[in-house]
Amino acid sequence: MAPGRIAGVVAFFLPRASDDEQAERLYEALAEFAGCAPAPPGRRVRSITFSADGAEWVAEVGAELRGRRTTRLLRRGELLEHTETLTSPTRVLAVYPGTPHVVVTDAAPITGATSEWANPFTARPDEVVLFDAG
């Protein structure tokens, strides 16, 4: 079972944190890095779905950014749809609620990893999933 998973409900966790206390410290440090306020328990964001560059993306804590782009083409009177799966090796470390939301990843300057995404970056979510307040 993945870290933080309890019978289908996901309790708050952060990648790279070995225990709850370290997760709290890291959550606060990443918020400071991102220039935003840490959310209180019960308001912490597990994932967001947002649109960027004509694609729908998901930023989920602990997972790589993933997306889908659907294109539609009218050919000989028939509507053809093509869905492309998009991936990024950039792993989400934390998502902070706000207007817009702030996403912190494991890319530079936190690590030496390069990414097509800024770190942190902002997004206006179409859908928000919170961690279990547990």
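Starting from 1, each residue takes its place in the sequence as its number.
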Quick check: does any side chain N or O of Arg69 sit under 3.5 Å from a backbone N or O of Asp53, one acting as donor and the other as acceptor? yes
How far does CG of Leu14 sit from CZ of Arg25, to the nearest 0.5 angstrom? 11.5 Å
So, taking the atom named CD1 in Ile48 and the one named CZ in Arg124, what distance separates them when rounded to the nearest 0.5 Å? 11.5 Å
Look at Arg68 together with Glu81 and state whether they make a salt bridge at an N to O cut-off of under 4.0 Å. no
What's the shortest heavy-atom distance between Leu74 and Gly77, and which atoms? CD1-C, 3.8 Å
Which atom names give the shortest non-hydrogen contact between Ala31 and Tyr96, and what distance separates them? N-OH, 3.1 Å
For Ala123 and Pro100, work out which heavy atoms get closest and say how close. O-CB, 3.4 Å
Does the side chain of Leu79 come within less than 4.5 Å of Arg72's, by heavy atoms? yes
Would you find a donor on one side and an acceptor on the other, under 3.5 Å apart, between the side chain of Arg91 and the backbone of Gly62? yes
Where Leu26 and Pro15 come nearest, the two heavy atoms and their spacing: CD2-O, 3.7 Å
Has the side chain of Tyr27 got a donor or acceptor atom that lies under 3.5 Å from a matching backbone atom of Ala39? yes
Only one of Thr114, Asn119, Asp106 passes side-chain contact (heavy atoms from CB on, under 4.5 Å) with Thr90; say which it is. Asp106
Donor-acceptor pair between Glu116 and Ser88 side chains, under 3.5 angstrom: yes
Got Leu65 and Phe121 here, is their nearest side-chain heavy-atom distance under 4.5 Å? yes
Count the heavy atoms of every other residue, nucleotide or ligand shown that sit under 6.0 Å from CD of Glu32, and state whether that count exceeds 12. no
With heavy-atom distances below 4.5 Å as the criterion, would you say the side chains of Thr49 and Glu56 are in contact? yes
Residue pair Ala11 / Phe131: nearest heavy atoms and the distance that separates them: O-CD2, 3.3 Å
Please round to the nearest 0.5 Å and tell me the distance separating atom CG of Leu73 and atom NE2 of His82. 11.0 Å
Just checking Asp126: does its CG atom have more than 12 heavy atoms from other residues, nucleotides or ligands closer to it than 6.0 angstrom? yes
Give a yes or no on whether Val95 and Val58 share a hydrophobic cluster (residues Ile, Leu, Val, Met, Phe, Trp, Tyr; joining criterion: side-chain heavy atoms under 4.5 Å apart). no
Under a single-linkage definition using a 4.5 Å side-chain heavy-atom cutoff for Ile, Leu, Val, Met, Phe, Trp and Tyr, are Val92 and Val129 assigned to the same hydrophobic cluster? no
Is any side-chain heavy atom of Phe12 less than 4.5 Å from a side-chain heavy atom of Pro41? no
Quick one: sort the Trp117 and Trp57 rings into parallel, tilted or perpendicular, breaks at 30° and 60°. perpendicular
Would you give the length of the straight line joining atom CZ of Arg46 to atom CG of Leu130, rounded to the nearest 0.5 angstrom? 9.5 Å
